[in-house]
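To find a chain, count down the sequence lines: A is the first, B the second, and so on, and within it residues start at 1.
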Amino acid sequence: MAQLIKNRTATLDTWKTLEIVEDETPENVELPTGDVIFPLAVWQARKAEIISCHKRIGLLIDSNERIEDVADDLEYFVVIAVNFPKFVDGRGYSTAALLRQRYHYQGEVRAVGDVLHDQLFYMQRVGFDSYALKDGKDVVYALQKGFTTFGETYQAATDQPQPYFRRRA
Amino acid sequence: MYKYDAIDRQLVNERVEQFRDQVRRWKAGELSDDEFRPLRLQNGLYIQRHAPMFRIAVPYGMMNSARMRKLASISQKYDRGYGHFTTRHNLQLNWPKIEDVPDILAELAEVEMHAIQTSGNCLRNITTDQFAGVAADEIIDPRPLAEILRQWTTFHPEFAFLPRKFKIAISGTKDDRAVTWFHDIGLHLQQRNGEVGFRVIVGGGLGRTPIRGEVVREFLPWQHILTYCEAILRVYNRQGRRDNAFKARIKILVQALGIEAFTKLVEEEWAQTKDGPATITQAEFDRIAAHFAPPAYEKLDEPELPFEKSFKNWADRSIHPHKVPGYAAVTLSLKKHGVAPGDISAEQMLAVADLADQYSFGELRVSHEQNIILADVKKSDLYEVWQKAKAAGLATPNIGLLTAMICCPGGDFCDLANAKSIPIANAIQARFDDLDYLFDIGEIDLNISGCMNACGHHHVGHIGVLGVDKNEAEFYQVTLGGRQGNDARLGKVIGPSFAAEEMPDVVDKIIKVYLEHRHADERFLDTFDRIGLDPFKNRVYEGRAHGKAKAAQPEAA
């Protein structure tokens, strides 16, 4: 199970993610109880049912899915997990940036999938605040070094909406 | 020239330590090869045919003597005493050790240089006109905005893992010298009703699928360039293809959507961020522009230049008009016959640094034609500069002529190449070694790429040569009529490809057709435009089944 970093500390993940295995479809998959992260397709197919039996709802959005498609539902989600099927697939960075900058989503934005030490700095900048670090990777070292690679940044981003040139003394 | 402040320096130093740590973890097995690859590429480090290749950035081509001396010393200490200037304002070292690269980066940082994002699927080095700031035909100096863009691209968190590489070029002159129509984003600085802004071109590129870019916006006030680029990049990052690396460049997305639909997406995205904090302030522009203030030019008369034939030959080819009277921009040729085009030895780097200090305010430029420019030379010093440049092997009077070809490293060094390119360049140089003949032929761009990735810009050469692989043998396809500049267009394929040993003859025949047909004052390109492809085609394939190259016949059999 992936190791979770949240608010810059290692923490226990209390959420489970619903996986659709063969023979199952978003329409017929059994909805587990507890704190569950639902794939976008399941959410879209079973929204009313999920809302009726879950207090805390999570959403899983894959790199090829559009956050615009659930823009009106964001208030339902305690956590939105953005999947990185491969760490070189950079679409999730834009998804997180849109969630924070355009839709002003205030809940947890979690990076899941191929989440590695060397991408944590950029992920933090675009608006992620939790990270399911890939199995086998050093969570202690990630906490020690991964978020402080650079002490300053040029561009405006979620973590610092003012570009450096507007913050010069 | 731009000078780092404390923050610029801090970021580059932190980058060195980041990469040192990444190399350490890779050696320790904590990073797999696949995990390490994009990290090293974004620091310019390739694993190549014989050794790693390391690509150092020269942002928008600006250099000074201290940087050049540092490159000389690095090439001697960590490599084999030479480097190779590329078509995108970079210097490549062909033989460094991976373990040494963190130390090389640390040495580069001492002179405000780096290898940040010189490779990988990210925002690459910004390129511009080598005569920026001094060109007589300049409308607006592109360098301050190029520096602002450099800072914006550096470690941009949202666009570090794009579908494919992304290259931006800026031009501020009437006559485009930055190949802006063939970049992912091409920017033309212009003035409209007293306001400065950009024409924004998107989706150009050479490579496997050469496409001329299309205009997404005729005029964008300069303050908005960062938010507008972010809108373009966000659309591309989200919608560009990731299933096939050959179809992943933005040009493919623009073609698939059509320019109208693509523009609509960009404008919708931009509407959300327009006038936001990333809008450039006048104060920031002024701060950066102050770094590019003109040097202390003297008030000079136009001197009488010595009339010595070999000096005059050199001066005719190597001098570019300067906007200040009595000064000239001088191009030092890295196209000496018999040497790989763009290659420069450590000794030459030192000679160039001395020339810059003595004659050009200590500054230097590199051009996308792979030459070096002394931008601010007094005309009264030209004779001395020529003599010293000649002694250093940097005064081949061939700028703009047939033998000053653009050429990629090719199959001798590059893993991607289908064929060698340097031996072809050298063979053609040997054939056209007679200077009088070369001068008589006149202005002509010959560009050679060792594969369809087109690092040698063969598509926009008046004569383009592309290395292709046929049944594991090296062949060369020839195109005619390509060109850069405002009227940039792609060359037309002349016919089936040729074997390496045929190439000097093929070029010779093409030149002969031109010489026989040309009217007075016609350059090669003018004649080509007037008479078309056929006379050239007929000559080079004369004596063989029409349209069928000799070397291709065994295949048909």
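- Contacts of Gln119(A) with chain B are made by side-chain atoms alone, with heavy-atom separations under 4.5 Å and no backbone atom involved.
- With respect to chain B, the highest number of heavy-atom pairs below 4.5 Å among Lys145(A), Gln101(A), His117(A) belongs to His117(A).
- Taking the six-membered ring for Trp and the full ring otherwise, Phe159(B) and Phe166(B) have centroids separated by 6.0 Å or more.
- None of Arg124(B), Arg249(B), Lys167(B), Lys251(B) except one satisfies the salt bridge (Lys or Arg N to Asp or Glu O under 4.0 Å) rule with Asp184(B); the exception is Arg249(B).
- Between Glu30(B) and Arg24(B), some side-chain heavy-atom pair lies under the 4.5 Å cut-off.
- Contacts between Arg168(A) and chain B at a heavy-atom distance below 4.5 Å involve the side chain alone, from C-beta outward.
- Side-chain contact, Tyr228(B) with Glu269(B): no donor N or O sits under 3.5 Å from an acceptor N or O.
- Interface check for chain A: of the options Glu230(B), Gln239(B), Arg287(B), Arg37(B), the most heavy-atom pairs under 4.5 Å are formed by Arg287(B).
- Contacts between Asn64(A) and chain B at a heavy-atom distance below 4.5 Å are absent for every atom of the residue.
- Neither the backbone nor the side chain of Phe121(A) comes within contact range of chain B; no heavy atoms are under 4.5 Å apart.
- Looking only at side-chain heavy atoms (C-beta outward), Tyr60(B) and Ile170(B) stay at 4.5 Å or farther from each other.
- Residue Glu152(A) touches chain B through both its backbone and its side chain, counting heavy-atom pairs closer than 4.5 Å.
- Of the possible polar contacts, one joining the Asp5(B) side chain to the Ile7(B) backbone as a donor-acceptor pair under 3.5 Å is found.
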